[in-house]
Participant: 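Can you read through this structure? Questions will come right after.
Atoms within each ligand, like the ligands themselves, are counted from 1 in listed order. These numbers come from the heavy atoms of this one structure, side chains and all, not from hydrogens, waters or symmetry mates.
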Amino acid sequence: MTTEQRRDTPDPSNPVVRIEGVHKSFGRTKVLHGVSLDVASGEVSCLIGPSGSGKSTMLRCINHLEKVDAGRIWVNGEMVGYADHGTYLQELHDREVQRRRARIGMVFQRFNLFPHMTALQNITAAPIGVAGEPRKEAEENARSLLDRVGLAHKAAAYPRHLSGGQQQRVAIARALAMRPQVMLFDEPTSALDPELVGEVLEVMRDLAANGMTMIVVTHEIAFAREVADTVAFMDDGHIVEHGSARALIETPQHERTRSFLARVT
Ligand code: ADP
Ligand code: MG
């Protein structure tokens, strides 16, 4: 694993992701009630909370997969969503939306690798197809990313021949291949057999140690306490409590945070 970049203290005056008063409904279901959150460059922020509280929706709004009803989101100073998002995106060229989305890495609970492509091809698909990288360069980078996630020997393997943990590590390498400014993880270990969780968390720990800005939705409270700088507890579409990982987990201030943590730990 590489250590090309030292971990610096996150700089709060330089948020990579800024979420400001975001509201989102699906039909009559209000899912986000004015959520605000800043994530600084190099910060690892874990988002915890009960099922249905809006965590995935929040990540999907950051990644252009959902449009917000009100509020605004910036990623690296570029607007991602705001109330008039639909019109806004129509005005941007598809290519521009694709370009902005490409710099936001997303890893889902289900690995969703392309089943008909090898590990290497999964990783090079977007660099070649979207970013227009020369094949040779994309493949070299893919091999070094496979090495970084401990899968140098699996370049030619198809997803069906990989374990869940290996597939998730390829999915992380695939996201990294686009040189993302921020990585979003949506319960990346929830679908894994327990004995495979550790190898995926290990790769995430390595990314964090190398300065990657990360937002991680997770139920792995021990990981959050150890790796995250900050934790936000979300319930019913609100961020109920947000603070340093250690303080929030060890001395939660709100009753709802306390009862959630008592249930999951
Ligand atoms: P979490 O990730 O915290 O479990 P979600 O963001 O997935 O929560 O969901 C929050 C709420 O929004 C849930 O009530 C869910 O049913 C609803 N929801 C999410 N996506 C959609 C959708 N595309 N259409 C309708 N309702 C949705
Ligand atoms: Mg979810």
Participant: Taking the side chain from Ser36 and the backbone from Glu20, do they hold a donor-acceptor pair closer than 3.5 Å?
Facilitator: no
Participant: Compute the shortest N/O to N/O distance between Glu66 and ligand 1 and return yes if it is under 3.5 Å, no if not.
Facilitator: no
Participant: Does some non-hydrogen atom of Gly49 fall short of 4.0 Å from ligand 1?
Facilitator: no
Participant: Enumerate the atoms of ligand 1 whose separation from the nearest heavy atom of Pro50 is less than 4.0 angstrom.
Facilitator: 3 (O)
Participant: Would the distance check show the side chain of Asp186 and the main-chain N or O of Phe108 forming a donor-acceptor pair, the cut-off being under 3.5 Å?
Facilitator: no
Participant: Can you find an N or O of Gly52 that's nearer than 3.5 Å to an N or O of ligand 1?
Facilitator: yes
Participant: Examine the side chains of Thr230 and Glu43 and answer whether a donor and an acceptor come within less than 3.5 Å of each other.
Facilitator: yes
Participant: May I ask you to check if any N/O/S atom from Thr57 comes under 2.8 Å of the Mg ion (ligand 2)?
Facilitator: no
Participant: Ser56 versus ligand 1: do any nitrogen or oxygen atoms come within less than 3.5 Å of each other?
Facilitator: yes
Participant: State plainly whether the residues Lys136 and Glu140 are in salt-bridge range, i.e. N to O under 4.0 Å.
Facilitator: yes
Participant: Give the residue, atom name and distance (to 0.1 Å) of the protein heavy atom nearest atom 12 (O) of ligand 1.
Facilitator: Val31 CG2, 3.1 Å
Participant: Does Lys67 offer a backbone N or O that forms a donor-acceptor pair with the side chain of Lys24 under 3.5 Å?
Facilitator: yes
Participant: Regarding atom 5 (P) of ligand 1: of the candidates Leu47, Ile48, Thr57, Leu32, which has the closest heavy atom?
Facilitator: Thr57
Participant: Is there a donor-acceptor pair under 3.5 Å between the side chain of Glu187 and the backbone N or O of Gln109?
Facilitator: no
Participant: Among all protein heavy atoms, pick out the one at the shortest distance from atom 23 (N) of ligand 1; state its residue, atom name and that distance to 0.1 Å.
Facilitator: Phe26 CE2, 3.5 Å
Participant: Note the single closest protein heavy atom to atom 8 (O) of ligand 1, along with its residue, its atom name and the distance in Å.
Facilitator: Gly54 N, 3.2 Å
Participant: So Val75 and Arg103, do their side chains get closer than 4.5 Å, heavy atoms only?
Facilitator: no
Participant: I'd like to check atom 16 (O) of ligand 1 in this structure: does the protein have a heavy atom lying under 4.0 Å from it?
Facilitator: no
Participant: In terms of the angle between their ring planes, are Phe233 and Phe260 parallel, tilted or perpendicular, with boundaries placed at 30° and 60°?
Facilitator: tilted
